[in-house]
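Index from 1, following the sequence. In listed order, ligands and their atoms are each counted from 1. Keep in mind it's a predicted model, so treat the numbers as computed, not measured.
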Amino acid sequence: MVDTIKITLEGVTESRLPQTDFNNLPFGKVYTDHMFMADYRDGQWKNFRIVPYGHMLVSPATPAIHYGQSIFEGMKAYLGTNGEVLIFRPHDNLQRLNLSADRMCMPPVPEEIFMEGLRELLHVDKAWIPSAPGSSLYIRPFVFSADEYIGIRPSQDFTFMIIMSPVGAYYSNPVKVKIETHYTRAVAGGTGYAKAGGNYGGAIYPTKLAAQEGFHQLIWTDGVKHEYIEESGTMNVMFVFNDTLVTPALSDSILAGITRDSIVKLAQSWGMKVEERKVSVKEIVAHLTQGTLQEAFGVGTAATIANIEAIGYEGNLYTLPPVEQRVIAHKIYQELDAIKRGTQPDRFGWIMKL
Ligand code: COI
C-alpha cells in the first residue's frame with residue numbers, strides 16, 4: 001500500500017490547445033497535452049509522473065502486445081457552471097478496473113494512485129474540458145503488462161496510465177443494430193465482465209461484417225445458443241415495453257456498465273418499473289413484430305444514450321417508433337446529463353468535485 005504519492009510533472013513546452021477545434025470534436029482523436037504514468041516494479045507501484053502526451057517506449061516482447069494482457073476504463077469529466085471540474089463516479093471505475101485486473105492477473109491500482117493521478121492530470125489539463133452541450137472530457141485509465149518476456153506466465157511488471165480526450169458524441173445519430181447469432185463476444189467463465197482489451201479486439205471483425213450490411217453495431221447474444229440478449233458493442237442495452245425498462249441481468253459475460261447502473265437507479269427513483277433479467281431474443285423479436293417495443297437504446301460512458309432506430313435479426317429489419325417520440329430515453333439523457341454537469345442536485349452522490 002502507498003500512503004502518499006509524489007507525482008513529478010514534466011510540462012509541455014507548447015500547448016496544442018490553440019490548434020484544437022472545439023467546435024468539431026470527433027470521438028477519441030484529440031488528446032490533451034499530458035498523460036499520467038506509473039510503473040509496477042518489484043511488487044510495488046512507483047515512479048508517478050505526468051509527462052507530455054506522446055508515443056512511448058515499450059518492449060517488443062511485452063505480453064500486452066502478444067497476449068492482450070491489458071485492461072482499461074472509460075469515464076468522463078465536465079465543467080460545472082462555476083468552472084469546477086466534475087467527475088462522474090470515478091470510484092466505480094476504479095472498482096471495476098481492479099475487478100478486471102484480478103481477472104487478468106494484474107496488481108490492483110490503489111485508490112490513492114488512481115485518484116491522485118486523475119486529480120493532478122485534470123488540474124494540469126483543465127483547460128481541455130469542453131463546455132459545449134453534448135461534449136465532455138473522456139478519460140481513459142488503463143493498465144498493461146510491461147514484462148520483457150515472451151513466455152506465458154503471470155507478468156511481473158506493469159504500467160498504469162491515464163490519457164484524456166475532449167470529445168463530442170460517440171454516435172452522432174440513432175443507430176441501427178444487428179442481433180448477432182453466429183459470432184460470440186463472451187461466454188460464461190470467460191473475460192466478458194472485465195474491461196479487457198481482447199474483448200473489444202475480438203468484436204471488430206463481426207462488427208465490420210455487420211457494418212457491410214449497413215449496421216452501426218451488434219447486439220451480442222449468449223455464446224451457447226444465441227437465445228438471450230447480452231449487450232451491444234461499446235454499450236449495454238435497454239428496452240422499454242409495457243412501460244417497463246428492461247435490461248439483461250448482469251452475468252460474467254456482460255460488462256457491468258456504470259451508465260447502466262446509473263440509469264437503473266434513476267428510473268427506479270422515478271417509480272418506473274425496472275426489470276434486470278434474462279431477455280430472450282424471441283421476446284424482443286415478438287415485441288418488434290407486434291409493434292409493442294416502445295424504445296430501445298444503448299447506454300455507456302462513451303455512447304451516453306444511443307437511441308436504436310432499427311434492429312436487424314436473421315435477414316429482417318425491424319424499425320422502431322420514431323426517435324422524436326421517445327419519452328424514456330430522452331428523460332434519462334436529460335436528467336443524467338444535468339447531474340453530470342452539476343445543473344441538477346447530485347442526489348445519488350455520484351459526482352466527485354475537484
Ligand atoms: C466507454 O464507453 O467508455 C467504452 O469503453 C466504450 C469504448 C470501447 C469506446
Side-chain angles (χ1 to χ4, degrees), residues 25-32 64 68 70-78 87-101 103-104 109 114 118 122 129-130 134-144 160-173 175 177 180 185-186 191-208 210-211 215-220 230-238 247 250 253-264 297-308 329 332-333 336-337 340 350:
L25 287 174
F27 183 90
K29 290 197 173 162
V30 177
Y31 294 91
T32 68
S70 80
I71 57 173
F72 68 98
E73 276 301 316
M75 49 205 264
K76 278 183 174 169
Y78 302 81
I87 315 162
F88 188 67
R89 302 190 69 173
H91 289 91
D92 295 278
N93 286 95
L94 170 62
Q95 199 181 0
R96 191 174 62 186
L97 182 77
N98 285 339
L99 198 73
S100 303
R103 178 63 179 82
M104 296 300 286
V109 176
F114 186 92
L118 182 63
L122 279 166
I129 305 177
S135 61
S136 56
L137 188 71
Y138 184 76
I139 302 170
R140 173 57 64 91
F142 57 107
V143 185
F144 59 92
F160 167 54
M161 298 182 62
I162 307 176
I163 56 173
M164 308 197 296
S165 170
V167 296
Y170 191 88
Y171 298 108
S172 37
N173 290 305
V175 292
V177 296
E180 178 59 59
R185 173 187 173 274
T191 58
Y193 70 92
K195 220 162 162 57
N199 292 344
Y200 295 79
I204 292 171
Y205 178 64
T207 310
K208 182 183 116 176
F215 295 101
H216 302 98
Q217 258 307 339
L218 294 173
I219 291 187
W220 294 105
E230 299 231 302
E231 62 175 79
S232 185
T234 74
M235 47 197 183
N236 294 108
V237 64
M238 296 190 165
T247 192
L250 295 177
S253 54
I254 298 181
L255 186 83
I258 292 161
T259 307
R260 175 192 178 282
D261 179 73
S262 308
I263 292 170
V264 164
F297 45 94
V299 307
T301 298
T304 64
I305 312 294
N307 275 303
I308 295 174
I332 290 169
Y333 179 84
L336 201 53
D337 195 62
K340 290 172 176 176
W350 285 337

With backbone taken as N, CA, C and O and side chain as the heavy atoms from C-beta onward, which portion of Glu73 lies under 4.0 Å from ligand 1: side chain, backbone, both, or neither?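 Within the 4.0 Å criterion, Glu73 makes no contact with ligand 1.
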
Counting only heavy atoms closer than 4.0 Å, does ligand 1 sit against the backbone of Arg140, its side chain, both, or neither?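 The part of Arg140 near ligand 1 is the side chain, not the backbone.
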
Can you see which heavy atom on Trp220 is nearest to which on Ala203, and at what distance?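 In this case the closest contact between Trp220 and Ala203 is CZ2-CB, 3.6 Å.
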
Looking at every non-hydrogen atom in both residues, tell me the closest pair between Lys195 and Gly74 and how far apart they are.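 It is CE-N, 4.2 Å.
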
Suppose we measure from [atom] to each protein heavy atom; which comes out shortest, and what is that distance?
atom                   : answer
atom 1 (C) of ligand 1 : Tyr138 OH, 3.3 Å
atom 6 (C) of ligand 1 : Thr234 O, 3.9 Å
atom 9 (C) of ligand 1 : Tyr170 CE1, 3.7 Å

For the side chain of [X] and the backbone of [Y], is there at least one donor-acceptor N/O pair under 3.5 Å apart?
X      : Y      : value
Arg96  : Ala194 : no
Arg185 : Gly192 : yes
Asn236 : Ala256 : no

Could you tell me which atoms of ligand 1, counted from 1 in the order shown, lie closer than 4.0 angstrom to a heavy atom of Phe72?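 Close to Phe72: 5 (O).
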
By number and element, which atoms of ligand 1 are closer than 4.0 Å to a non-hydrogen atom of Tyr200?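 Selected atoms, number and element: 8 (C).
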
Determine the interplanar angle of the Trp350 and Phe88 rings, folded into 0 to 90°, and report it as parallel if under 30°, tilted if 30 to 60°, perpendicular if over 60°.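 Geometry flag for Phe88 against Trp350: perpendicular rings.
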
Considering distance alone, does some N or O of Lys195 sit under 3.5 Å from an N or O of ligand 1?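 Yes: some nitrogen or oxygen of Lys195 is under 3.5 Å from one in ligand 1.
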
Looking only at distance, does Ala302 have an N or O less than 3.5 Å from an N or O of ligand 1?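 Between Ala302 and ligand 1 (N or O atoms, distance only) the closest approach is under 3.5 Å.
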
For residues Gln217 and Ser232, is any side-chain donor paired with an opposing acceptor at under 3.5 Å?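 No pair is found: no donor N or O on one side chain lies under 3.5 Å from an acceptor on the other.
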
